Amino acid sequence: MVAGLLAAVCPTGHASAAPVRVVCAEHVWCAIAAEIGGADVTTTSILTSPAVDPHDFAPSPGVARAFAAADVIVLNAGGFDRWADGLVPEGAGVIRVADLPGMAHGETHLFYDPEAASAFGMAFARRLQDLRPADRDGIALRARIFADQVATVRTSIARARPQTAGVAVASLEPVGAPLLHALGFREVAADYARAVMNGTEPPPVQAAALEDEIASRTVRVLVMNAAFDDPTARRYADAARTHGVAVVSLSEALPEGKDWTQWMKASIAALQSAASAVVP
């Protein structure tokens with residue numbers, strides 16, 4: 001839909017110029033790069049499956065070769081894709097989204113942040129214009145189209161906030177945290193989620209606290225990582241449903257067939273619906 005519209009805006013440069021090779025640690029950043037780059041870019045995404053845990057990913061030699069051949073490398077950074085740090089060639093052109101101006105310190109799942117998407121779109125467009133100056137106008141036009149789409153996501157957040165602001169939410173892992181913050185949810189059991197994200201077993205006192213908050217319905221929405229289907233996650237989800245707590249699954253990867261804007265709007269709608277379904 002939107003991606004098709006963006007791709008249809010043809011660059012104005014020399015048709016014979018080889019496309020800029022963009023390699024992204026996460027597929028979502030390459031999807032945005034393709035929207036802005038159009039025919040000026042070819043993209044290669046390393047992590048494409050929602051079933052792959054980016055925190056545990058072990059890169060192959062092929063990944064190293066892809067990085068070495070890239071004109072632009074895109075990393076989420078912020079601790080999300082540490083596996084990539086040692087693969088970036090010296091002097092490579094790298095965009096680290098977490099290091100862009102205005103990014104919130106400590107956030108990792110930046111693809112759930114409209115401000116991060118906006119900042120990346122602008123940074124990538126500038127980088128591409130430097131590499132393809134003859135196509136500057138077409139790149140700028142596609143970047144403006146993407147910026148307009150980000151604005152519609154901000155509007156969706158503003159419209160959802162009356163139903164979501166102040167509602168207590170717990171996450172089994174802080175996937176989607178920037179979006180939860182933007183929607184005004186009140187986060188509880190944050191220590192549990194951070195422990196899981198950092199690959200450590202939450203101590204029994206934190207696990208017990210989360211169980212009690214679900215049973216007492218102090219938590220009104222439980223957010224799960226769609227990639228995790230282990231017995232612990234299922235146990236918490238079953239307990240939540242038993243006690244009338246809404247359960248929402250969020251992914252760390254762009255769903256197949258959706259662009260970033262569609263993904264964010266679907267996530268906002270799911271969270272708004274969960275918050276609205278809460279029984280006082």
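Position 1 is the first residue of the sequence, and the numbers go up from there. Quick caveat, the model's predicted, so the values are computed rather than measured.
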Once salt bridge (Lys or Arg N to Asp or Glu O under 4.0 Å) is applied, do any residues pair with [X], and if so which ones, sequence neighbours excluded?
X	value
Glu211	Arg235
Glu115	Arg154
Arg126	none

Practice problem: Sequence neighbours left out, what pairs pass salt bridge (charged side-chain N to carboxylate O under 4.0 Å, His left out) with at least one residue falling in residues 167-183? | Solution: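 Listed once each, the pairs would be none.
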Exercise. Determine which pairs satisfy salt bridge (charged side-chain N to carboxylate O under 4.0 Å, His left out) with at least one residue from residues 85-96, sequence neighbours left out, and list them in order.
Key: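 Counting only pairs at least two positions apart or across chains, no salt bridge (charged side-chain N to carboxylate O under 4.0 Å, His left out) contact touches residues 85-96.
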Quiz prompt | Set of residues satisfying ring pair (Phe, Tyr, Trp, His ring centres under 6.0 Å) with respect to Phe80, sequence neighbours excluded | solution =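 Counting only residues at least two positions away or on another chain, Phe80 forms a ring pair (Phe, Tyr, Trp, His ring centres under 6.0 Å) with His55, His109, Phe111.
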Practice problem: Name all residues meeting the ring pair (Phe, Tyr, Trp, His ring centres under 6.0 Å) criterion together with Phe120; count only those two or more places apart in sequence or in a different chain, and write none if there are none. | Solution: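 For Phe120, the residues satisfying ring pair (Phe, Tyr, Trp, His ring centres under 6.0 Å) (neighbours in sequence not counted) are Trp29, Phe124.
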Quiz prompt | Pairs meeting criterion side-chain hydrogen bond (donor to acceptor under 3.5 Å, both in side chains) with involvement of residues 17-27, two or more places apart | solution =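 Counting only pairs at least two positions apart or across chains, the side-chain hydrogen bond (donor to acceptor under 3.5 Å, both in side chains) contacts touching residues 17-27 are Arg21-Asp71, His27-Ser45.
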Self-check item: Selection residues 85-104 - residue pairs positive for ring pair (Phe, Tyr, Trp, His ring centres under 6.0 Å), sequence neighbours left out
Solution: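 Every candidate ring pair (Phe, Tyr, Trp, His ring centres under 6.0 Å) pair involving residues 85-104 fails, so no pair, neighbours aside, qualifies.
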Exercise. Identify, with sequence neighbours excluded, every residue that meets side-chain contact (heavy atoms from CB on, under 4.5 Å) alongside Ala147.
Key: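 Residues passing side-chain contact (heavy atoms from CB on, under 4.5 Å) with Ala147: none at all.
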Quiz item: Which residue pairs pass the disulfide (SG to SG under 2.5 Å) test when at least one of the two sits in residues 20-72, sequence neighbours left out?
Solution: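 Listed once each, the pairs are Cys24-Cys30.
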Self-check item: Qualifying disulfide (SG to SG under 2.5 Å) pairs, either residue in residues 32-135, two or more places apart
Solution: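 Passing the test, one end in residues 32-135: no pairs.
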